[in-house]
Amino acid sequence: GMHVVLVMVTIRPEMRTEFELALLHNTRESVAHDRGCRRVAVSQQSDGPTRWVLHEVYDDPAAHADHRQSPHFLAYDAVAARAVMDKTVFRCVGRHVS
């Protein structure tokens, strides 16, 4: 199965714009350039704009590890280190439904 990563974060309100710009840049670059990155969806909670959900799908854990070393991820991660107040990560095995 695929390697699926679900990330839920709550960010500092004063960093909303900077975080969103870094996150969206990372997402675009990941989908366009990262080997084994199948898709990334980012969502902002409709009634809580400081809460985000990231749904990432990779071919395997190695592709996810490679992504985390990419320049665009490292740039995002530097912003996230200052912005994120709370973070939950789920690593899952994607299942095909027939």
Side-chain angles (χ1 to χ4, degrees):
M2 301 273 185
H3 179 70
V4 178
V5 182
L6 180 66
V7 183
M8 295 180 291
V9 297
T10 303
I11 62 164
R12 298 179 191 290
E14 66 273 16
M15 292 203 63
R16 277 177 51 192
T17 301
E18 185 177 359
F19 178 81
E20 182 174 355
L21 290 172
L23 174 62
L24 296 179
H25 176 75
N26 177 53
T27 300
R28 281 190 297 274
E29 292 296 305
S30 298
V31 172
H33 302 292
D34 290 357
R35 177 201 65 80
C37 178
R38 295 296 175 167
R39 66 185 162 276
V40 179
V42 296
S43 304
Q44 187 177 32
Q45 186 171 319
S46 58
D47 62 349
T50 62
R51 295 184 53 114
W52 289 82
V53 177
L54 293 64
H55 183 264
E56 308 173 42
V57 181
Y58 299 90
D59 286 342
D60 50 46
H64 180 234
D66 289 348
H67 157 73
R68 292 179 56 84
Q69 298 303 312
S70 67
H72 49 270
F73 175 81
L74 295 174
Y76 157 76
D77 200 42
V79 173
R82 293 181 288 114
V84 173
M85 298 186 319
D86 186 57
K87 179 177 175 180
T88 303
V89 178
F90 296 95
R91 289 176 182 80
C92 310
V93 176
R95 303 288 186 208
H96 294 283
V97 178
S98 315

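Residue numbers run from 1 in the order of the sequence given.
Grouping the Ile, Leu, Val, Met, Phe, Trp and Tyr side chains by contacts below 4.5 angstrom, directly or via other members, places Leu24 with Phe19.
The side chain to side chain donor-acceptor pair (under 3.5 Å) search around Glu18 returns Arg82, not counting sequence neighbours.
Think of Val53 as one node in a network of Ile, Leu, Val, Met, Phe, Trp and Tyr side chains linked at under 4.5 Å; its network also takes in Leu6, Met8, Phe90.
Screening Leu54, Ile11, Val9 against Leu23 for a side chain to side chain contact (heavy atoms under 4.5 Å, CB included) leaves a single residue, Leu54.
Nearest heavy atom pair, residue Asp60 against residue Ala63, reads OD1-N, 2.8 Å. Here the closest non-hydrogen pair linking Met15 and Ala83 is SD-CA, 3.6 Å. For the residue pair Arg35 and Ala62, the shortest heavy atom distance occurs at NH2-C, 3.7 Å. Val93 and Gly1 make their closest contact through CG1-CA, 4.2 Å (heavy atoms, listed as atom of the first residue, atom of the second, distance).
How far CD of Glu56 is from CE of Met2: 14.5 Å, rounded to the nearest 0.5 Å. The distance from atom NE2 of His67 to atom CG of Leu74, rounded to the nearest 0.5 Å, is 9.0 Å. Here the OH-CG distance, from Tyr76 to Leu21, works out to 13.0 Å after rounding to the nearest 0.5 Å. Interatomic distance, Glu20 CD to Trp52 CH2, rounded to the nearest 0.5 Å: 4.0 Å. One finds the CD atom of Glu29 at 11.5 Å from the SG atom of Cys37 (value rounded to the nearest 0.5 Å).
Side-chain atoms of Asp34 and Phe73, non-hydrogen and from C-beta on, never get closer than 4.5 Å to each other. Here the side chains of Val5 and Val89 are in contact, with some heavy-atom distance below 4.5 Å.
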Pairs of donor and acceptor atoms involving the side chains of residues 38-45, under 3.5 Å and at least two apart or interchain, shall be tabulated with distances.
residue: Arg38; atom: NE; partner: Asp59; partner atom: OD1; Å: 2.4
residue: Arg38; atom: NH2; partner: Asp59; partner atom: OD1; Å: 2.9
residue: Arg38; atom: NH2; partner: Asp59; partner atom: OD2; Å: 3.4
residue: Gln44; atom: NE2; partner: Pro49; partner atom: O; Å: 2.8
residue: Gln45; atom: OE1; partner: Arg51; partner atom: NE; Å: 2.9
residue: Gln45; atom: NE2; partner: Asp47; partner atom: OD1; Å: 2.8

